[in-house]
Structures are given as structure tokens and as C-alpha cells.
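It should be emphasised that the depicted structure is a prediction, and the values quoted were computed from it without experimental measurement.
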Amino acid sequence: MSDFYKKILDNNKKWVEEKLAIDKDFFKDLSKGQNPPLLWIGCSDSRVPANEIIGAAPGEVFVHRNIANMVIHSDMNMLSVLDYAVNALKIKHIIVCGHYGCGGVKAAMGNDSIGIIDNWIRHIKDVYRHHRVYLDSIIDENERFNKFVEINVKEQVYDLAKTSIVQSAWKSGQEVSIHGWVYGLNSGYVTDLNVNIDSNEKLDDVYQLKF
């Protein structure tokens, strides 16, 4: 058994003991069910842990993660998580959280083939294509990279609002708000991009569904 593998098993035991020392019924209560107010759609990057960033306890955040925090209308994994969060858990807030220095976004700015992930990165390239004139006008490469991260998050927020799942919830009067954030790896702080949607009225007419 490797030292790292043994360490993480030992860490689990330590974590359980610490929780029980504070509340002997912690896991008993946790096992009764979940009622999180928030769905977090974030990047798979190991440096962006949803619960820790916002100081949330177990049971407070329902999480979906993928490369570059993408919302793709044909992704059944993401749609299944979204449907359960909205229709079963009745969450009130959805946060799409990207992060500066995102490897997936960086890859979409270049032409190197990485492997099967190229097919996923193509969706991010589509975002760049839609904003090419603005992004190409930014001379400083690092600034362009940061702006692309922000634009990608904003596009994913709107893509969430376009789903039939979210629009159906709004139609029925359910309170669901979608927000876009970017996390700073070198600071620990999140930046609210001020893209907040709570109805389909902010969408182009062609995306507004009638039920």
C-alpha cells in the first residue's frame, strides 16, 4: 500500500472522529436526506473545491463538475444532475463557477491535439468563435485568457437558462436564480460576474419556450 493511499484512509478516520467529537449525531442526521439550496456547476480542476471555497458544510451544495464548467445541451450527465436539483431537490440557486488559469479554456485558445478531450474542447472553441472579434482585439495574451474564462462562464449561465428544465420551473412559479462566478486560484476569492438570471425574459425570443 502506497504512503499516499494509506494517508487518505487515515485522513478519513481522523475527519470522522473530528466531526463526531463536535456532534455525535452528525452522520446519523446527514444520512436522513439532503436539502441543499445550491447547485454548483464547476470545473473538474482539483484546485477548485466547491464546498471549501464558500465555507459550506456537507449537505449544503449539490455539485456537478466537468472540464471548464460547461453546460452542453446534449450532455445527459449534466442534464440529469440539473433535473434532479431543480425538480426533486427544489434548489433555489445555481452557480456556474469557472476559474482563472483554466486548462480547458487555455487549450481552446490553441490548436494542439490533446486526445479524446479535443471533442469536448471544441465546445469551448465555439464560445471563442462567437466572441472572436472582441477577444482577438485584446493584445495581452494573459488578459485575453482571463476575459475568455469570464465570457465562457457567462455563456454557460445563459445556456442553463435556455434549458427546458429551468424554463419549466420558472413557468410553474418556482424560484430559481442562476449566477456566474470566477474563482481566483492565486487569491482564493470569487468574482461575481453580475450575470444573474431568474426568468427567461433575458433570453432572445428564439430560446423562450412556451409550455
Practice problem: Establish, yes or no, whether the cationic atom of Lys171 lies under 6.0 Å from the six-membered ring centre of Phe211 and within 45° of the ring axis. | Solution: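 Geometry flag: not set, cation outside 6.0 Å or 45°.
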Quiz item: Hey, mind stepping through His130 and Glu155 against side-chain hydrogen bond (donor to acceptor under 3.5 Å, both in side chains) and telling me if it holds?
Solution: CA-CA 10 Å; His130 289 308; Glu155 288 290 343; over 6 Å; no
What are the two closest heavy atoms between [X] and [Y], and how far apart are they?
X      : Y      : result
Asp118 : Ser113 : OD2-OG, 2.6 Å
Phe26  : Pro58  : CZ-CG, 4.0 Å
Ser177 : Asp198 : OG-CB, 3.8 Å
Ala57  : Asn51  : O-ND2, 3.3 Å
Ala85  : Phe62  : CB-CD2, 3.8 Å
Ile54  : Leu38  : CD1-CD2, 3.6 Å

Self-check item: Atom CZ of Phe27 with >12 non-hydrogen neighbours under 6.0 angstrom
Solution: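 For Phe27, atom CZ is crowded (more than 12 foreign heavy atoms under 6.0 Å).
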Self-check item: Asp140, CG atom: more than 12 neighbouring heavy atoms under 6.0 Å
Solution: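 Buried by this count: over 12 neighbours within 6.0 Å.
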Are [X] and [Y] connected, step by step, through hydrophobic side chains (Ile, Leu, Val, Met, Phe, Trp, Tyr) whose heavy atoms are closer than 4.5 Å?
X      : Y      : value
Ile124 : Ile151 : yes
Trp170 : Val195 : yes
Val48  : Ile67  : no
Leu89  : Met78  : yes
Leu185 : Tyr189 : no

Reported [atom1]-to-[atom2] distance for the pair [X] and [Y], which is rounded to 0.5 angstrom:
X      : Y      : atom1 : atom2 : answer
Ile165 : Leu79  : CD1   : CG    : 5.0 Å
Asn69  : Trp40  : CG    : CH2   : 9.5 Å
Tyr158 : Asn200 : OH    : CG    : 12.5 Å
Asp29  : Lys24  : CG    : NZ    : 9.0 Å
Lys14  : Asn12  : NZ    : CG    : 12.5 Å
Asn152 : Met70  : CG    : CE    : 5.0 Å

Quiz item: Can you tell if the side chain of Leu82 reaches within under 4.5 Å of the side chain of Ile94, non-hydrogen atoms only?
Solution: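 Yes, at least one pair of side-chain atoms sits under 4.5 Å.
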With a 4.0 Å cut-off on N to O distance, would you call [X] and [Y] a salt bridge?
X      : Y      : answer
Lys162 : Asp159 : yes
Asp126 : Arg122 : yes
Lys106 : Glu141 : yes
Lys6   : Asp3   : no

Self-check item: Candidates Tyr128, Tyr100, Tyr134 - the one meeting ring-ring contact (aromatic ring centres under 6.0 Å, His included) with Phe148
Solution: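 Considering Tyr128, Tyr100, Tyr134, a ring-ring contact (aromatic ring centres under 6.0 Å, His included) with Phe148 is found only for Tyr128.
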Self-check item: Gln167 and Leu203: CA distance, side-chain angles, deciding distance, side chain to side chain contact (heavy atoms under 4.5 Å, CB included) verdict
Solution: CA-CA 11 Å; Gln167 291 195 50; Leu203 299 176; 3.7 Å; yes
Exercise. Could you go through the side chain to side chain contact (heavy atoms under 4.5 Å, CB included) check for Val153 and Trp181 one step at a time?
Key: CA-CA 7 Å; Val153 168; Trp181 288 6; 5.9 Å; no
Quiz item: Any salt bridge (charged side-chain N to carboxylate O under 4.0 Å, His left out) pairs touching residues 199-211, not counting sequence neighbours?
Solution: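 Applying salt bridge (charged side-chain N to carboxylate O under 4.0 Å, His left out) to every pair that reaches into residues 199-211, excluding sequence neighbours, yields nothing.
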Does [Y] offer a backbone N or O that forms a donor-acceptor pair with the side chain of [X] under 3.5 Å?
X      : Y      : answer
Lys90  : Glu175 : no
Arg144 : Asp136 : no
Gln156 : Ala68  : no
Asn119 : Ile116 : yes

Quiz item: After noting the C-alpha distance and the side-chain angles of Asp45 and Tyr183, does the key distance pass the side chain to side chain contact (heavy atoms under 4.5 Å, CB included) rule?
Solution: CA-CA 11 Å; Asp45 193 299; Tyr183 175 69; over 6 Å; no
Practice problem: For the pair Val190 and Ile95, evaluate side chain to side chain contact (heavy atoms under 4.5 Å, CB included) and give the outcome as yes or no after the intermediate values. | Solution: CA-CA 11 Å; Val190 295; Ile95 291 175; over 6 Å; no
